[in-house]
Asks: 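There's a structure below that I have some questions on.
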Amino acid sequence: MILLTGGTGYIGSHTAVELLQSGEEIVIADDFSNSNEEVLKRMETLTGKKIPFYQIDVKDKKALKKVFEDQAEPIRCVIHFAGFKAVGESVKEPVKYYRNNLDTTLSLLEVMQEKQVKQFIFSSSATLYGKSKGKAPFTEDEPDTGCTNPYGWTKWMIEQILQDVCVADPEFSAVMLRYFNPIGAHESGLLGERPNGIPNNLMPYITQVAIGKLDHLRVFGDDYDTPDGTGVRDYIHVVDLAKGHVAACDYIKEHKGAEVINLGTGVGYSVLDIVHAFEEANGIRIPYEIVERRAGDVATMYADASKARRLLDWKAEKDLTQMCRDSWRFEQML
Ligand code: UFG
């Protein structure tokens, strides 16, 4: 049995479905702070399974203990998705971010210690390479240069905590998955990303322009040192990312200690590449204007994805056209 905190969120919900379809038993703990009951229902429709679910705050140790105690089959592994993730908001409200992201992790680790559960998979981020002086593709052993915002620092701190836990307990295993830029949606159109308010991220912004909720895309800068001057990122289909977690759940059974692993495709696309791929895949024009650079953005960020291939026997399979089609299908079905 695998516990997913934040298992009804964008990445959590896709991972839950892939785990169930691969034959794993799961239980979800989520407070619905960035999702809702409808997502859970859709996950059940898709898999034809009733999913054990606890609407709790993961900071609440008492409630969390009950999740571990209630299960007939013991929980062997936890995938910790729950956390706040908006970069801009974290700059404005750092205390809220540190309190939430660190407290949920510490509560979880304390309860796991008490219940003798020793497998931990963590949603980390390529944001840890954001200040790097090196050049893409980034490997996991890129020198640590810290982060550019409180959200990133929470990921950095939690990685450090997990490294320390692995030193203290040689039986403990922690896999820290550094995600690049997940986009796309489940091909059924039932699951996808539902940002609150005006989206910060590129693909949800584009789909909202396509459907007419937003007027046009603002491209943040065209004077970067990249082939067309716009920012380059490693966009990965969310279902591929979910499958990376399934592979990590297998890997962690046999390996102890701490391991950091990039989940990306290893390929970079620019903002305008994405706009044009979306237009081509879906036959819709996306009007855009070039505006100032966005503070904190880097020119180019993509993964060296070879470690995931080596350790997890996993690689991303879906191409940009599928990412664009699936994102658009989900937006239309919302
Ligand atoms: N962009 C625009 N216009 C928009 C939104 C984005 O031009 O309206 C551009 C950005 O400048 C950037 C690219 O599109 O060049 C991607 O931007 P996103 O906001 O979609 O993604 P980021 O790469 O900035 O950040 C994402 C996640 C972070 C994570 C990071 C890791 O949002 O949580 O990837 O690399 F930390």
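We count residues from 1, following the sequence as given. We count ligands from 1, going down the list as the structure has it; atoms in each ligand are counted the same way.
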Asks: Distance-only, no hydrogens or angles: does the N101 side chain make a donor-acceptor pair with backbone N or O of G83 under 3.5 Å?
Replies: no
Asks: Side chain of S90, backbone of V87: donor and acceptor closer than 3.5 Å?
Replies: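 Looks like yes, one N/O pair under 3.5 Å.
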Asks: Check the pair F138, M301 against side-chain contact (heavy atoms from CB on, under 4.5 Å), reporting the backbone distance first and the verdict last.
Replies: CA-CA 8 Å; F138 290 103; M301 166 85 76; 3.9 Å; yes
Asks: So, the side chain of N201 versus the backbone of P204: is there a donor-acceptor pair under 3.5 Å, distance only?
Replies: no
Asks: Decide whether an N or O pair under 3.5 Å exists between Y205 and ligand 1.
Replies: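 Min N/O separation from ligand 1 is not below 3.5 Å for Y205.
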Asks: Under 4.0 Å, counting heavy atoms only: does Y129 come that close to any atom of ligand 1?
Replies: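 Contact check Y129 vs ligand 1: negative.
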Asks: Closer than 4.0 angstrom: is that true for some heavy atom of Y235 and an atom of ligand 1?
Replies: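 It does, in that a heavy atom of Y235 comes within the 4.0 Å cut-off of ligand 1.
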Asks: My understanding is that we take every heavy atom of each candidate and find the minimum distance to atom 10 (C) of ligand 1. Doing that for I274, V87, D297, L272, which one comes out nearest?
Replies: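 Closest candidate by heavy-atom distance is D297.
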Asks: Who's the nearest protein heavy-atom neighbour of atom 9 (C) of ligand 1, and how far?
Replies: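 The closest one turns out to be V271 CG2, 3.6 Å.
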Asks: Return the closest protein heavy atom for atom 12 (C) of ligand 1 as residue, atom name and distance.
Replies: R233 NH2, 3.8 Å
Asks: Between the main-chain N or O of C324 and the side-chain N or O of N282, is there a donor-acceptor pair closer than 3.5 Å?
Replies: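 Between the backbone of C324 and the side chain of N282 there is a qualifying donor-acceptor contact (under 3.5 Å).
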Asks: Suppose we call two aromatic rings close when their centres sit under 6.0 Å apart. Are Y179 and F81 close by that rule?
Replies: no
Asks: Test your reading of the structure: does R218 have an N or O sitting under 3.5 Å from an N or O of ligand 1?
Replies: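 For ligand 1, there is an N or O atom that lies under 3.5 Å from one belonging to R218.
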Asks: How long is the straight-line distance from CG of L4 back to CD1 of I26, given to the nearest 0.5 Å?
Replies: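 Reported to 0.5 Å precision, the distance equals 5.5 Å.
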Asks: Ligand 1 and M301, any nitrogen or oxygen pair closer than 3.5 angstrom?
Replies: no
Asks: Does an N or O from Y179, backbone or side chain, lie closer than 3.5 Å to an N or O of ligand 1?
Replies: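 The answer is no, given that Y179 and ligand 1 share no N or O pair closer than 3.5 Å.
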Asks: Within ligand 1, which atoms have a heavy atom of N181 less than 4.0 Å away?
Replies: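 Listed by number with element, the hits are 21 (O), 22 (P), 23 (O), 26 (C), 34 (O), 35 (O).
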Asks: Which protein non-hydrogen atom lies closest to atom 20 (O) of ligand 1, naming both residue and atom, and how far is it?
Replies: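 Nearest protein contact, heavy atoms only, for atom 20 (O) of ligand 1 is L202 N, 2.9 Å.
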Asks: Checking T5 side chain against A82 main chain: does a donor-acceptor pair fall under 3.5 Å?
Replies: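 Yes, the answer is positive, given that a donor and an acceptor are paired below the 3.5 Å cut-off.
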